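Notes follow the structure.
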Amino acid sequence: VMPNPLMPNWLRWIVIPLGLLLMKALTLSLIDEPLRTYTEREINHRLPAYAVHIGALDLHPMNLSLDLEDVIVRQKDHPDPPIAAVSKMHGSFQWSALLSGRFVTDLSIEDPVIHFTRPQASKELEASPVQKQSWQELLFAMHEVQLNDPRMTNGDVTYRENATSTPLHLRELNVHAENIRNVRSAPSQYPSHLQIEMEVFDKGRLHLDGYADFFAEPSLAVNADATL
C-alpha cells in the first residue's frame, strides 16, 4: 500500500486514534439516554411512594463511574415541595477491589437541597404495611458493598411545620464518612468515621466529629463530639 502523500505518518498516528475516540464517545452518548430512562423507571418501580426524575445520566465505562444530574425526588402524597433536589451525584467502583472479588465504591453528592414539611416528615416515619422486613435486613442480605469515601458538599436543608410557619434552616452542610459497609455490627460498635459541618439556623456553626453505625436498628447510631 502506497503512503498517502497528503497525510504525513505523524498526522495519521494522531488522526486515526482521535477518530476512534470520537466514534466511541458518540456510541456512549447514544447509550446514556436509554440507560437514564431505564434507571429512572427502575427506581420509581422500587419506590412506589415517590416520584423520582433524573435529568441526565453520564456513563464512564473506562473508569467504572456514573454521573447523575438534576435528580428530583417527590412524595406522591405530598409532592410540593420536592423532598430532595440534587445537582450532581457521582459514583465509581474501584478496579483493584473488583479484581479481588470485593465491591468498593466512592460516592459524592453535590449541592443537595432538602425541603420538607411536617406532613412529609410524618409520612416518612410511617411503616409500609407491605414491608415486613427492615431496610437494614434487606441490605444485610445483599453481597457486601463498601462505601469507601462518601461525601456530601454544600447541602441545604429546610423544615417547616406548615406553609406559613418560620422555617428551620441548615445550610453549607458538608458530610464526610469513611468505611460504610452493609455488615451487621456488634452493639455499641461504630465502624464508620463521620464528620459533619454546617451553619445552623442562620446563627452559628455546628461541627461534629466521631463514629457511626449507619445500619443500626431501628435507626442510625452515632457516637461523636459536637461543637456549636
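Just so it is clear, the model here is predicted, and its values are computed rather than measured.
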Hey, are R205 and E172 close enough for a salt bridge, meaning a charged N less than 4.0 Å from a carboxylate O? yes
So do the side chains of V200 and L170 get within less than 4.5 Å of each other, counting heavy atoms only? yes
Donor-acceptor side-chain pairing of H169 and D156 below 3.5 angstrom: yes
Using side-chain heavy atoms (C-beta onward) and a distance below 4.5 Å, is V157 in contact with L173? yes
Is it true that K88 and D70 make a salt bridge, defined as a side-chain N closer than 4.0 Å to a carboxylate O? no
Determine yes or no for a side-chain-to-main-chain donor-acceptor pair under 3.5 angstrom, with D225 supplying the side chain and D209 the backbone. no
Is D58 close to E69 at the side-chain level, that is, under 4.5 Å between some pair of heavy atoms? yes
Hey, any chance Y211 and I180 share a hydrophobic cluster, counting ILVMFWY side chains that come within less than 4.5 Å of each other, even indirectly? no
Does any donor atom in the side chain of H90 or D106 lie under 3.5 Å from an acceptor atom in the other side chain? no
For the side chain of K76 and the backbone of A51, is there at least one donor-acceptor N/O pair under 3.5 Å apart? no
Residue pair E40 / H53, side-chain heavy-atom distance below 4.5 Å: yes
Does the side chain of Y50 reach to within under 4.5 Å of the side chain of I43, using non-hydrogen atoms? no
Kindly work out whether a path of hydrophobic side-chain contacts (I/L/V/M/F/W/Y, heavy atoms less than 4.5 Å apart) joins V86 to L35. yes
Test item: side-chain donor near acceptor, D67 and H60, under 3.5 Å: yes
